[in-house]
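Here is the structure we will look at.
By convention in this document, chain letters (A, B, ...) are assigned in the order of the sequence lines, proteins followed by strands, and residues within each chain are numbered from 1.
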Number of protein chains: 2
Amino acid sequence: MLAEQRRHHIMLELQRTGQARTSQLAENFGVSEVTIRSDLEILDAKKQLIKTHGGAIALPAGSPAAAFEERMNRNFDAKRRIAQMAARQIIDNQSVVFDSGSTLLQLAMQMPPVTNVVVATTAMNIAQHLMYRPGLDVHMIGGRVFPNTVSTIVSDSDKAVGGLVAHQAFVSAHAIDQSFDVVDVSEDIARTKRNLVRMARRVILVADSSKWDIGASSKAFSLSRVDLIITDSGMPHGIRSRLDKLGVEVRYV
Amino acid sequence: MLAEQRRHHIMLELQRTGQARTSQLAENFGVSEVTIRSDLEILDAKKQLIKTHGGAIALPAGSPAAAFEERMNRNFDAKRRIAQMAARQIIDNQSVVFDSGSTLLQLAMQMPPVTNVVVATTAMNIAQHLMYRPGLDVHMIGGRVFPNTVSTIVSDSDKAVGGLVAHQAFVSAHAIDQSFDVVDVSEDIARTKRNLVRMARRVILVADSSKWDIGASSKAFSLSRVDLIITDSGMPHGIRSRLDKLGVEVRYV
DNA sequence: AAATCAAAACGAAAGAAATCGAAATATTGA
DNA sequence: TCAATATTTCGATTTCTTTCGTTTTGATTT
């Protein structure tokens, strides 16, 4: 049986029962568990299922918002620690820009009490989390709404927040490729991140270690444009030594 | 059963009954209570439930969101009928602007299937309702976020959607005073409505009859600027006869 | 209020199952 | 055949789960 066909059958099984165990699938198809795991990883990357410990579960039915919630849980612990460290960078009387994404939502949820801070964001869920907090002035950056991340696509940063120049921008990465460029799945999203970066004097990148050395189609900006990288220490050794030589401040949590 | 799926089922049980006991869950899933407790701890850390002695309870409904729900239910039937009529004004290949508020959210929820329609709105809840719909291009109009209505305050319409000129604007009223001006509680909100109206060639006002002949501090715009008023017939007779003489098209639902 | 008691929760340690990384081997398609 | 892709093997690591003794909690009684 061809690999592609086997993956299709995995999807069928998953749609039938809602879950599938690695061990079970390996036995059924007569291949090793490692092979099944790589199948699941591929299907997960295509957002056709959600890989879990021991197997995989079907995507939550209906709302893609539920799917976002599920993805929020991935690498949750690393994201939380990264967000905690990032939150400490925010001080009173500052204006900050928040990108969208699960790590940034975590950051919003962990934000310490501050006074007179302006937050501008493209993410609706972040705006809704922060808008009731005292001491915060929350601005939604307008643009076309992108359902996957519940956030807006920004075409031109000048018009974004009336020419606001922020002290700091907190940006996440979908992936970081071999030449140390922050890349994303579409030019729209890449351009948005590029514009957010342009809005701030200091750029802080938050990225858990699963993002390193992965390619994607559209370049957003180079790591050299970043002032501080907050990540966890789970990336391959080669990456880490190159990163330390780059001259950008890196903090491992 | 996979661990991840068990946690999902715990959430379902919690949403159904509002609470769950550790002992009960352990028995149902056939695992030890320690395992259930670790599940609850993980879910608690993700703020999906609140762990208590003996089990867990569902998250309390957010108070400000609940207040909006409350407003939504007031005069619900009239709002729904008004929204239905308003929805019929939207046709293919148009661009429309939606104000925020409960009647407009109703309108978004009742929107018929259309193709190639651009919707620009200041209301985050409306944007989130519409963003998954095919045939729609949803734009969030940026600005400072106003918690009461979960929407943005627009300071300058020119910068709002890159100079978008819409075919129609659907605007709600907080109140309409004796001189037939649409008025609101703050200058910020009034200015926002004024800007939305300015963005469109045709203005449609949706207002249930409880809004008539009530004063408020800040004028948004005059009724003479409106092309079509959709309301129910519950207002005082004096108002209605004056309204019919105004020269603006009025539909009663 | 203070004392009491059973149920529940916690901590640590250990066992089992599953995953990951890397290198070796097999299969496929031009 | 060659190169690219798929698959397996194997040891190290992580995650999940349970057991058991101790501590905490919440309700009841004094």
Quiz item: In terms of side-chain heavy atoms, does A:Arg202 have a donor or acceptor partner in A:Gln168 at a distance below 3.5 Å?
Solution: yes
Quiz prompt | Other residues, nucleotides, ligands: >12 heavy atoms within 6.0 Å of B:His9 NE2 | solution = no
Quiz prompt | Option from A:Thr231, A:Ile176, A:Asp227, A:Ile230 for which side chain to side chain contact (heavy atoms under 4.5 Å, CB included) with A:Leu205 holds | solution = A:Ile176
Quiz item: Nucleotide range of DNA chain D contacted by chain B, 5' to 3', under 4.0 Å to a heavy atom?
Solution: D:dT17 to D:dG26
Quiz item: Which is it for A:Lys47 and A:Asp44 under the salt bridge (charged side-chain N to carboxylate O under 4.0 Å, His left out) test, yes or no, and what are the steps along the way?
Solution: CA-CA 5 Å; A:Lys47 302 192 193 298; A:Asp44 181 290; over 6 Å; no
Exercise. Please assess A:Arg251 against A:Ile229 for the test side-chain contact (heavy atoms from CB on, under 4.5 Å), listing each intermediate value before the final yes or no.
Key: CA-CA 6 Å; A:Arg251 295 206 196 151; A:Ile229 298 171; over 6 Å; no
Quiz prompt | A:Asn116 and A:Asn93: side chain donor to acceptor below 3.5 Å | solution = yes
Quiz item: Is A:Arg240 close enough and on-axis enough to A:Tyr252, meaning under 6.0 Å and within 45°, for cation-pi?
Solution: yes
Practice problem: Please name the residue in the list A:Asp99, A:Thr121, A:Val203 that meets the side chain to side chain contact (heavy atoms under 4.5 Å, CB included) test with A:Leu196. | Solution: A:Asp99
Quiz item: Under 4.0 Å between a Lys/Arg side-chain N and an Asp/Glu carboxylate O for A:Asp177 and A:Lys219?
Solution: no
Quiz item: Quick one: bend of the helix from C:dA16-D:dT15 to C:dA30-D:dT1 from 5 pairs per end, to 10°?
Solution: 30°
Exercise. Mark up nucleotides 8-20 of chain C, 5' to 3', with B wherever a protein heavy atom is under 4.0 angstrom from a base atom, S wherever such an atom reaches only the sugar-phosphate, and - elsewhere.
Key: SBS-------SBS
Exercise. Taking atom CD of A:Glu187 as the centre, report whether more than 12 heavy atoms of other residues, nucleotides or ligands fall under 6.0 Å from it.
Key: yes
